[in-house]
Amino acid sequence: MPQLTIDPVPCLRDNYAWIAYDREDGICAIIDPSEAEPVREALRQNGLTPTHILNTHHHPDHVGGNLELKQAFGLTIVGPAKDAARIPGMDVGVNEGDVYTLGHHKARVFEIPAHTSGHIAFWFADDEALFPGDTLFAMGCGRLFEGDPPMMWNSLSKLAKLPDATRVYCAHEYTESNGRFALSIEPNNKRLQTRMEEVLATRAKGLPTLPSNIGDEKLTNPFLRATSREIRQTLGLENAPDVEVFAEARRRKDVFKG
Ligand code: ZN
Ligand code: FE
C-alpha cells in the first residue's frame with residue numbers, strides 16, 4: 001500500500017502546516033493550519049480537496065485556519081478531546097492510544113502534555129510519519145507553557161521510543177537556532193556537527209530542514225540526550241537524574257542568545 005504523500009506549506013513567519021494525502025483513498029488531511037490562504041493555494045496547485053484537519057494543540061499558529069477551511073470544504077476537524085473548548089470547530093476528540101483512520105491510513109494518538117496541557121501527536125506507523133506539533137522540534141523541543149520539566153521529559157520519552165526511521169514533521173522551522181544551542185552544550189558531538197553543516201546549506205537555499213527523523217534526533221537533539229556525558233559535564237550535572245539534566249538544558253535554552 002502506498003504511503004501518504006506529505007508536503008509542507010510555509011505559513012506565518014516560521015510555521016509549517018503539512019498536507020498529507022492519498023489520492024486513491026480520496027483523503028487529504030491538513031495538519032495544524034496556521035492560516036487558511038497559503039493552505040488553500042497549495043491545495044489549488046495540487047488539485048486537492050481536503051477531508052480533514054488534524055490539530056496537535058490550541059495555539060493560534062496551529063488552529064488559525066480551522067474555521068475558514070471548514071466553511072470552505074466541510075471537512076472534519078480532529079483534535080485533543082481534553083482541549084475541545086480551545087480547538088475552533090473541532091468535530092472529533094481523541095485521547096491517548098486512540099487510532100483514527102483516514103482511508104487505509106491509521107493515525108495513533110499520543111498525549112504529550114507540557115507545551116500545552118492538551119497537546120497530542122499523531123503517529124502514522126505504516127507511513128513512518130509523526131506529527132509532534134510544538135513538542136519535538138529538529139534538535140529542539142517546545143517551551144513549557146502549561147507543564148513542568150518532568151511532564152515534558154515524559155512526553156518526549158514517548159516519542160523517542162518510536163522507530164528510528166520515523167519521519168518527524170515538526171510545526172516550525174527552528175532547526176538552525178536549535179542546532180546552535182545544541183552545539184553550545186555538546187560541541188564535540190560529530191553527528192551534530194555534520195548535521196549543522198547540512199542544515200546551514202539547506203537554509204542557504206531557502207528550503208525546509210524538515211522532516212527530521214527519530215534516529216537522527218536521538219543522536220543530535222539535546223533534549224533527548226540527558227544521558228550524554230558531554231552534556232552532563234557542560235551543565236555540571238554528572239550524576240543527576242535524566243529529568244534534571246533535561247530541565248537544566250531547557251532552562252538554558254530559554255535564555256540562550258545564539
Ligand atoms: Zn504552540
Ligand atoms: Fe507553534
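For reference, positions follow the sequence shown, starting with 1. All ligand and atom numbering here is 1-based and tracks the order in the structure. Reckoned from all heavy atoms, side chains included, excluding hydrogens, waters and symmetry mates.
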Legend entry - Heavy-atom check, side chain of Gln3 versus side chain of Asp127, under 4.5 Å: yes
Inset, instruction - Before giving the answer on side chain to side chain contact (heavy atoms under 4.5 Å, CB included), spell out for Met90 and Asn55 the whole-Å C-alpha distance, their side-chain angles and the decisive distance to 0.1 Å. - result: CA-CA 9 Å; Met90 195 173 99; Asn55 286 134; 6.0 Å; no
Legend entry - Donor-acceptor side-chain pairing of Asp32 and Thr56 below 3.5 angstrom: yes
Inset, instruction - For the Zn ion (ligand 1), decide whether His62 has an N, O or S atom at a distance under 2.8 Å. - result: no
Inset, instruction - Return the name of the atom in Asp134, of element N, O or S, nearest to the Fe ion (ligand 2). - result: OD2
Legend entry - Atom of His59 closest to the Zn ion (ligand 1), considering N, O or S atoms: ND1
Legend entry - Atom nearest to the Fe ion (ligand 2) - Asp61, N, O or S atoms considered: OD2
Legend entry - Non-hydrogen atoms of Pro38 and Val9 that approach each other most closely: O-CG1, 3.5 Å
Inset, instruction - Under the side chain to side chain contact (heavy atoms under 4.5 Å, CB included) rule, what do Glu176 and Met196 come out as? Steps first, then yes or no, please. - result: CA-CA 7 Å; Glu176 186 179 333; Met196 194 56 179; 4.0 Å; yes
Legend entry - Flag if over 12 foreign heavy atoms under 6.0 Å of CG, Asp14: yes
Inset, instruction - Tell me which N, O or S atom of His57 sits nearest to the Zn ion (ligand 1). - result: NE2
Inset, instruction - Please note down the angle at the Fe ion (ligand 2) between NE2 of His172 and NE2 of His62, to the nearest 10°. - result: 120°
Legend entry - Name, closest N/O/S atom of Asp134 to the Zn ion (ligand 1): OD2
